[in-house]
Each structure stands twice: as structure tokens, then as C-alpha cells.
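Below is one structure, written out as C-alpha cells; comments come after it.
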Amino acid sequence: MFKKMIAKSMSKSPWIYHMNTGSCNGCDIELVACLTPRFDAERFGFKLAGSPRHADIVVVSGPITSQSKDRLIRTLEQVPKPFCVVSLGSCPKSGNVFKGSYSVEAPLDKYVNVDVSVAGCACKPETIIEGLYKATLILQKKREAMEK
Amino acid sequence: MSYIHFPVIAVMGQFLAAFLVAIFGSKSRKASQAITLIASACAFVLVCLLIKPVALDGQIISYWMGNWEPVSGYAIGIGYEMDALGLFFAVLVSFIILMSAIYSLRYLEHDEAVDRYYTLFLMLSGSLLGLVMTGDLFNMFIMIEIMTFSAVGLTAFRNYIPEALEAAMKYLVIGSVGSSMTLAGVALLYAQTHTLNMAQVAAKIGAMQASGGLTPTVVFAFGLMFVGFGIKSFMFPFHTPVADAHPVAPTSFSMVFSTMVIKAGVYGLIRIAYIVFQVMDKSSVQILITAFGCVTMFLGVTMALAQHDFKRLLAFHSISQIGYIITALGLGTALGLTGSLFHVMNHTLFKALLFMCAGAVLHMTGSKNLDELGGLSKKMPHTTICFLIAAFSIAGIPPFNGFASKWMIYQATYEKAVESGNFFYALVTVVAVVVSVLTLASFIKVTMSVFFGQLPEKYKDAKEAPASMLIPMWITAILCLGTGVLYQLVDRTLTAPAVAASLTPANYVDKMMGSGYAASFSVKDAVATAVQHMSYWNPVLWLTLLVIVMLGVFIVILSGDNERGPVLKTKEPVADGKYATFFSGEKYRHSHMGGSDLFWGFKHDMKPYFDFIEEKHSGVLTDYTLWTIVAMAVIVVYTFVFVK
Amino acid sequence: MVQNMLMNLLHIFIFPGLLFVTVIGVLMTGIDRKLVARMQKRVGPPIVQGFYDFFKLMGKESIVPEAANKPAFLAAPIIGYVSLVVMVLFIPMFSFSVYSGTADMIVLIYLLTIPGVALIVGGTASGNPYAGVGASREMVAMIGYELPLILSVLAVCRKVGGSAMTFSLNEIVNWQAANGCALFQWALIPAALAFLLVIPGEVGTQPFDVAEAETEILEGPLIEYSGAPLAMFKLNTALKMFIMPAMFVALFLGGVHTGNVVLDVVLFILLTGLVSFITMTVPHAIAARFKVERLFKFYWTLVAALGLVSLVLVWFGL
Amino acid sequence: MRLPFTPIALKNLFSKPSTVLYPFKAEVQAPPNYRGKLTYDPTKCVNCGMCVKVCSPGAINRIYEDVEGGQHITYEFDMSSCTFCATCQDFCSTGAIKLSDNFHMAEEDHENLMVRGSYFKKSVPGKLVRGDDCVFCGLCEKACPEGCIKVDRPNKTWTWDEAECVRCEKCVQKCPKKCLEFKAAESGVEWSDACVYCTLCEKKCPVGAIKVDRANKTWEIDKEACIKCGTCVSVCPKKALTLND
């Protein structure tokens, strides 16, 4: 009945679930900085959600240490469709300076296909907002694909 | 066979059945069960047949044992008098006895020497029925004695459990203290009025009151009997034995124990306060009873919150609900009494259901420790639904029956507060509402720690309770919902006549001793204010609204095009995957949130209070008897000083 | 008869019933989030953000976890929502009132507990330990704010009742129409203050949301919910955000009577908005979340004392 | 009962929000010398490989394609693996790498995050040979990016470190006298002045292609006869001979 409205609102109220897989917290504080008055991601409807069941965009930061690998996989499985995965900073995409270490199983692509990757070692809040905005557009496309 | 003989047949039938079971029972378990079922069924039928004449037509059945009519105004023989008040309790007693009989068929399958159980059980039911029908003071004392001793016997039925013996001992000692008080009261009354027949005693006391205050012996007698019946109904200072008895008593008995044995004390209180001594119009007596009721309420529920044992928690809740009943009873107004009697019925229904659920859980899993159990709703769906209905009705959630009676009680206490201008009653209303929320809290605690949450490894193969246990549970559950919704119907047929009967002692006396008798002793009727209550609230409208809105909401949801995710059909929680419980990423492991680690904030703040009361409930028999004696002294002194 | 039935259906589903209160409630959450943002010097989401959230959640897949008890898990939000909608029918909007003649304060207070119980049962039915913690905290909060709520309501009923005793909301409103708002009787001011402090506790907005503390216990009871049931629970909060201030306005500001009905309703909504701004938006912007036992101590000492003071004052005929 | 932030909150309510409406309405300038996205100028690059060596996350890699007459070298900078420390920028002697202040690096496909640049590098034969009209001015030493030429004007010495040399031919272009030249060592055995004319190579050469004259210190080799077996190279005690294929 509200197909069009649902698809539109899919991009208008994306809730973010933040997964820190061993990050140095540089990107984490930048992500939270987006919600501060200066950058204010909430004007696009972004909201930090507490549980993966409420998540629309899963933001992963950190080089996926071996400890957090199976937890990451388990949590990603529990997120309801449609959802996007955004990688924050260089670590999830390539393991950054930790590449090749015994305890880093870096590229996030091994476990889930990353929709948007925000580069920058400690990426700038503006870039994060740009990346999340792109993710919302993908969300809407995924929702329309789900309906067919 | 006019209905005049039904009361006595019902009582004697039970005792006869008790002896039959004693004789034939030891040979085969089936025989004793059959006899019990037949006896309780016929008692129930007989009492129901009495509803039409006694409640609706307002007749009072008087029956003289051995046809010893009163001679020139003096009652010689034992008179049975069945008025609407007695009938109200009789209906409840026989219903619960029947339910318990059906329940115990499968519940006692692990026990042997079941015939002894059924003998005591039938003695208990006989004495209960006799108590509510008798018109003779000493006969009432005898019935109370039989009830107490059969209750003690049944508490200690599983004598291989040491706690059972200890609890039975406590109950025996405190119970007999209560009985001896009642006996002393009866003796004093007999000395003063030279008769044992309640109607005649009421007439004489009515005359005494008309011609200047009560004589000291009568006041002393009232004090003693009030304490006696107070102990039988486990009021505040005397409530401890019931808390120890319930965890160890067999559930089919504790179901009767917590509903009807305690109500026998309440019935006694109503009988002596309203009809025999007619003191309820004195404000001092009202404050005394309401104060005790209020303290019982609050203490019962706060102790319940701190419990780890399922049945001990339910025991403390019976105490707190008895507090409600006694508070409403003590107001002395018509609405108060209606609320109290209606709460008697509701409490009987949902408490029996709660104990049956507890019994089913104990029978199936073998444990009643709240910290161990969890997640049983998947294995025992029927028990869960019944428990939820009972929990919501005891907490007073609107459509269920607890709400109707609790609401009457609030309205009565607050109306009393406004009428009498006494601020104490306003506080009583506040305490009543807070206690209701705390009851809700403790039943949420039980729901969380027993039925919802995660299923521990031990109870993986728990099965649903057998059919013979589920039938009585479902009957009581439907009644719980029924009385909640159609409370006006129930009010008209049972409660209102009972209230009218207890507010008009003159009618009671006339029927028993021959017309005109009361007038000669100028027994006046308590002022029966028009019972106008809860006219605003008709649950039928509320329920229709609920149903209509529910339909509207369902239509909206079904039209939504998002598809429901299919639930996996695996049996135990999936370690990984979409449908596993979210442990913030950890692998699934059993971490159940229930039992004693709930309501941390509340317990943390009330720590001094909880420490104090837990330390007071030491479990030592001598402490409890000390309390009883001290409380008895206080009450008697109070009655001497204030009751004129 | 049919006309009457239609009128009833209209009342239930359209005007003060389902549609109206849902729209108003969700709008109020939008305005609330916008004003909180503005108070923190940031732009904040659009006013209709509540609708976007609702429709997005309707579009999401709703997962019922394996350890959950499915019927209780799915029925809880609907029961909460239905009882809230029914409550709105009982609250009189000044002269316009649908069924307010057939219910009174005690029924409303008990109807208020149903959404709380629904949240708790829903939370525990999901079988998640975090939800257990959330439900237990919600219960402690409920014990907390029930005492001052009943105290302030009793105070008002006593003041309005005079010699006779009344719990009926209708009479309270008529009495206020006769001799001025209850708020301006100085004996009732502490009761009004107590009720104001109870409103955010009941609704569960930021400083008092110990049950759904997303930072501490991952959204408390709502942790396992997703999709339509979660949308329903968010709707419950939105409805409560309208109903609690509405009760305050009916109880304490009842005397503001104007001519026709439409003006009354508009004024009622404005007043509700104002009350919700004072009680929910400002504290959300300035205060951090309470600890559980701090919240309980706050309600049972300070706010309950306010209620008691007003009850005593009213009692001695002031 | 102090309400801490109420006056500020209410004041904010009526003042303009301090949000920078970034993506659509306001343009944001990165702060000065902000280390953003990397830019690479292939023309300046001399393929010295320093940046690859110093890049801690190993985000840079080189791809060689052999093309006739030289190599096609492409440098690939993976922005999603870069840690933006700008060490490569410091070590790049020719200034080919610059970190710009462009921070718009949120991409969907990985390709946009790869900065690539490639150029053609003529292949440079053999060794650097110094002509004799060298005046030891030292300009070639300064021009060499890798510092593999050492010139000592007073005692007129000029050395060239073959291992370090990346054959960028900067020295050749710089030399005023044009006396430097990369000569491909023609194939076959090559003599160097470390020779002590011990005639061992002459004796061991299977085809007798080497003639050594100890007296007036001369060494010749017959190119056609030489079968490039390498025995002379291995047997030479002073390692004076090298075999160039």
C-alpha cells in the first residue's frame, strides 16, 4: 500500500550500527563527531542504533583482528535485510599499517561485500557524511530490488 | 427433599467420605480418588443448588441438629444457619475443593500412602463447609480445630522432607494458640450470654449495646476472638507459618490452603465483627482492622519481592492479598465490604491458578528455585498462558478480575477517607496502589525467571503438564477472565446478597430464633448505604473498544507489504545465524536474566528496609510465638481502651 | 442506531482515536527531536522524521529470534498500542469528550500500566539477557513513578470532590470550568509539579529512559525487535508522548474553555504541545540519563514528597 | 535544584544553528597543508623506488611492462590502504608525489581510490663510463638523485656505484663536458684495471683467446674465438674480469 513511501523513507531514516573490529578509535570518534552540532548527520535522519536488529547501515572500522572476526560475521548475519555495509578508514579495506600481522585478517571484502568505503586514515567527518549519504541511496535501490 | 437439608448433607457427606477413604483407600489408590471426586462433586452440586433460594430469593436456611428447637427463647441444640454470606464462602470452598481433587489425581502420582492424604483432604473440606454454615459458636470452634489439624497433617504429608515437619510444627503451635484464643472468647461469651447460638448471642449483645456500652467481658471476648480469627487468616504479626508451609506442602493442598483455609479466618472476622458483636460502626475498630490489613499488605508484597522460591513467593502474595481483603473489610462501609468479598472470590480464583501453575512447573521440572528455571514457555505453553492470565489478574490489569475488585477497594478506602475526614484512609489508598504495582513487579519477576528467557540445559526435555492438571487450570483461568469482565453479573448474584446479609444482623437473628426476637432486643441494622460504585466503568464497552481497535491495527499490519522473516525450525537456539539471540556477537551461551538479580535499583534503595524485615523473619518458632502473644496483648488492650 | 454506530466508529478510528492520535504523536516526536537539536545549536531532522522512521521500519524484514516465545513476542507491541489508543478516547478535550463519562482516573492509571507491561513482556519474551536487564529496569522505573502519580491524582480528586468523592475525569473538567484551572489553586501546585515530573518518567524520554538506554544495554527490551513490531513500539512511545501531557492538561488546565468545539481541540493540542515541550524536550536537551537507583530515589523521595504535601494541604480544606 | 544548561539551551533555541550544511549548501575547505588524496606526476618520477620502500602500509606498487627499447612503468597508489603519513612525499627526491587537500574519498567502487600514473622509460645500456676530458667539476655528483657518483676534486678521483644507480641519465645531461656516457658493455669478457697480468686466464682459456704480456702490461682478447665459457672470470685471482652477455 505504501510501497513508494517505504522505499523513499528507506533512504530518509538510516540508522547506523557501529562495529569496532580493533580500530585505533580514530575513525570511531570521527563517526561520532558527525552527530555533533558542527557536522550534524541527524539532519539526514542518521541515528546511532544500539542493536544490529535496528541497523540499516553497518559501519565497520578497524582491521578486523582475529578476535573480532567471528563476532563480526555473527553480528552481520543478524542484521535484517535490506542493509548496507560501510567501511570506515583504510583499516577495514586493506589492514592499513597492520597488513600482514599474525592477528589481522584484514580486507572486509572477504566476509561481506562493502557497499561504500570511506578512505582516509581517520577520515574527515564530511567524508563520512558523504559516504553515508551514498549508502542511503544504495539502501533505497536495495529496497526496490527486494520488492520485485 | 427440600433444600433445607442440603447444607448438612454436604458437610456430613464429606466426613462420611473421609471415613470411607480411611477404610477402603489403603487397598487401591483408584478407590480413594473416586470417593474423593464423588464427595467433592456432590458437595459442589448441593451448594450450587442452594444459590437460587438463599442468594437470589434472600431466604436464610435454619436447621436445628436433632430437631432441638429453641425452648422459650433459649437455643439448646446446635443450629445450622446458612445465609447469603455463608453461601458465598461455601460456593468458593466447594469449587476449590473440586478443582484440587481433580488436580491431585496426577499430581500425587509420585507419592505413596495417598489414602491418608485423601482422608485428611476430605476432613479439611468437611470442616471448611461446616465452618461457613454453622450458626453455633462452639461448633464453629470445633470446625476450625478440625481444619487446623487436617491442614497441619497435610502440610507434613511429605514427611521425608525435614522442612515440611518444621513448617507443620510452626503452623501447629501458632494455630493452636489461635484456636485457644477463640475458645477463650467463646467461653467468655457463653458466660455472659448463657448461650452458644450466634443469633441469640447477637440479640443479647444488641440489647446490651442499646442499653449502654458493651460489658468488659464482651469487649475482652471480642479482642480474643479477633486475635483468634486473625491468626487463622494469617494477618500481619501471625503470617509467618504460612510462608514456611507453602514451599513444602503438596501443591494440590497448598492450593486449598492459600485460598480457603485463610479465608476461613476472614469469614470468622466478618461473622463476629459484623453480626455477632455488631461493632463495625465504631471507628476505633475500623482503624484497628484497617491498620493491620494495611501493614499486612505492604509487608507481604515486599517480602515476596525478595524471595528465590516460587511457592514461597506465592505464599507471601496470599498474605498481601489477605491484607487487601482485611483493609477493605475494616472500612465498615457497604462498598468496602463488597470490594472485600469480591476480592475474596477473585483471590481464590487467581491464587488457585497460580499455585496450580507452580505445581505443574514443579511436577514437570522438579525444581521451584527461581534462579534455576527459565524459558519454559516453549515447553509448557498451556501453563504459561494460564500463568500470564493469573499474573495479570493478581496485578489488576483491566480486563482481568483483579482489577475490578482492587478498584472497588480503592474507591471504598478513598470514599471512607473523604467521609470520615480521617487522613489515614487516604494513605491506605496510596499504600494499596503502590502494593498493587509491587505485586505486578514480583509477578513480572516470576514470569521472567520461569517462563520467558532462556531454557537451561537441565530442562531441555520438560514436557507440558498432563491433561488432568490442565483442565482445572483452564477452568479457573476462564473464570478469572469471566468474573473480571462480567463483574456486574457476579456482583448481583453472589456478592451483593452476601453484603446485605452481613449488614442486617436483625434478619439473621429473626430467622434463627423466630420472628420478633430481634426487635425485643432492639438489634439494629447497620446503615446500608446505597452501593453506588463503579457505575462509570463498564468493562463491556472497554472490551468492545479493545476488539475494534485490535481489528483496525491488524488490518494495517497485514496490508503492509514487508514479509515476515521465516523462523528457523531448529529446536535449540542456533549458535550462529540470523535467528540466534544477539549476545553482542558472542557465541550463544546460557545467560539467563532472572530470579534474584532483578529490580536491582529498587532493592538497592530499600536495602535497610529489606535487611530489617528479612532479619525479622528468622524462622525461629519462639520468635513467632513471641510476636503472636505480644500482638494479642496489644489488640486486647486496644479493644479495652477504645471499644466502648 | 446505525448513525450512532457510525459516529462511534468515526470516534474510534478517525478523530480522537487511531488515526488522529498516531499522526499527532508521531508529529510530536518529530518536533521534539527538532527542538532538542535546535537547543544543541544543530539543525536536527525534519519534522516528519517520525513518519520516515515508521515507514522505514515497516519496510524492514522482521526477525523473530529462535529463543523467543513467538506469540508473546509479536502480540506485546499491539496490546500496548491498542490500550493507548483506547485511553485517548477516555481523555476529555475540554468540552469535547467521547467516552470520558464512562471512565475515571483509576481506569486511566491502570490502562497506563498496560504499555509498560507490554514492553516488559515483549522484552522478556525475546529471551535476550539485555532485554531482561531492560525489562527489570523498566519495572523499577514503573514502581518509581506510580507513587507520585497516584498521590497527585488523589490530591486533585479530593480538591475537586469537596464533600462527595469523585474519581471521574468528566467532573474534574467541569469543576475546573466552573472555578478556574486546578493549576492555579495554590494547594495543587505541588501536585501539578509532581505530575509534570512523572510525565517524562512514564514516557521514557532521554533523562529518564533507563529502560531503553541504547548506550548502556543496547536498547533494553527492544533489542531483538526489528521491522513492524519495532515500529509499533516506537509508535507506543509516540502515543504516550501525546497522552501523558493530555492527561496533565485535562487534570490541571481543564478550565480553559472557549466557544466551539474545534477551537477547544486546537487549544488542547497546543497546550499538550507546550506541556510536552517543558517536560520532555527541555530535560532531554540539558540533562544526562539517570542511574536506575538514582531515578527510583528521585521519584520516591522528592516527587512523592511534592505529591504528599499537596495531598495534605488539600486535606485540611485549603 | 540547579538546572545546569537551561539558559544556554533556551538561548540556542532562538539563535542560528552552527551546523555547516556541508554536502549540498556549503563548500568546505580543508585546512592548510592537509594531507588528503595523493597526486602523482609521472613525468618527474625517476623510478628510484624510494616511496615504495618507505611506505609503511605498503600501499604503493610498481608494474613493469617491457616494451621494445625500454620499460613502461606504472606506479599505483592504493588510497584505501594509505595511512596519509606523507613519508613518500618527503622521500620523493624529485617531488613527483604530492598529498593534495582533497578529502572527498568516499567511493563505492575500489577503482576510484587507486591513483595511477605511468611513463615510458628508455632502457639504458650497461655501465656509466667517464671520458678523459672530465674536469672533476662535481656537477654530475650533485645531479645524481641516488648519490652514487663520488667526485673528489683535489686528488681527482671519480667513482660510480653501479648497484645504486637507477640509470636516470641525469648525470649525462648535466655534465658540461659531455664526457659521461652509458656504454653498453659489449657482450663477452671485460677487463678492468684490477688486473695484475698474472697470465692465469691465458693458461686456462680453453680456446686460447687471451694474450697477456706481463712486461709491458697489455691484455687482449680475440672476440670471435671467445666462447664466453667464463672460466677466465672464475679463475682470475683479482676478479678483474667480468662476463657480459
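Order of the sequence lines fixes the chain letters, A, B, ..., with proteins taken first and strands second; residue numbering starts at 1 for each chain.
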Does any backbone or side-chain atom of [X] lie under 4.5 Å from a heavy atom of chain D? Answer side chain, backbone, both or neither.
X: A:D115; result: backbone
X: A:Y133; result: side chain
X: A:I138; result: side chain

All heavy atoms of D:S80 vs all of A:A119, minimum pair found to be CA-CB, 4.5 Å
Interface moiety of D:V20 toward chain A, non-hydrogen atoms closer than 4.5 Å
both
Residue from D:P17, D:C82, D:C85 scoring the most non-hydrogen pairs under 4.5 Å with chain A is D:C82
Residue among D:M79, D:R35, D:E107, D:K37 with most heavy-atom pairs under 4.5 Å to chain A:
D:E107
Nearest 0.5 Å, please: how far is [atom2] in [Y] from [atom1] in [X]?
X: A:R43; Y: D:L21; atom1: CZ; atom2: CG; answer: 5.5 Å
X: D:S18; Y: A:R38; atom1: OG; atom2: CZ; answer: 8.5 Å
X: D:D78; Y: A:S94; atom1: CG; atom2: OG; answer: 6.0 Å
X: D:M105; Y: A:S90; atom1: CE; atom2: OG; answer: 8.0 Å

Counting only heavy atoms not in [X], do more than 12 fall under 6.0 Å of its [atom1]?
X: D:F5; atom1: CZ; value: no
X: A:Q67; atom1: CD; value: no
X: D:F91; atom1: CZ; value: no
X: D:D66; atom1: CG; value: yes
X: A:K99; atom1: NZ; value: yes

Test item: [X] side-chain N/O and [Y] main-chain N/O as donor-acceptor pair under 3.5 Å:
X: D:T19; Y: A:F39; result: no
X: A:T127; Y: D:A106; result: no
X: D:S56; Y: A:V97; result: no

Tell me which of these, [options], has more heavy-atom pairs under 4.5 Å with chain D than the rest.
options: A:G120, A:P107, A:A122; value: A:G120
options: A:T36, A:D40, A:V118, A:N96; value: A:N96
options: A:E126, A:K134, A:K124; value: A:E126

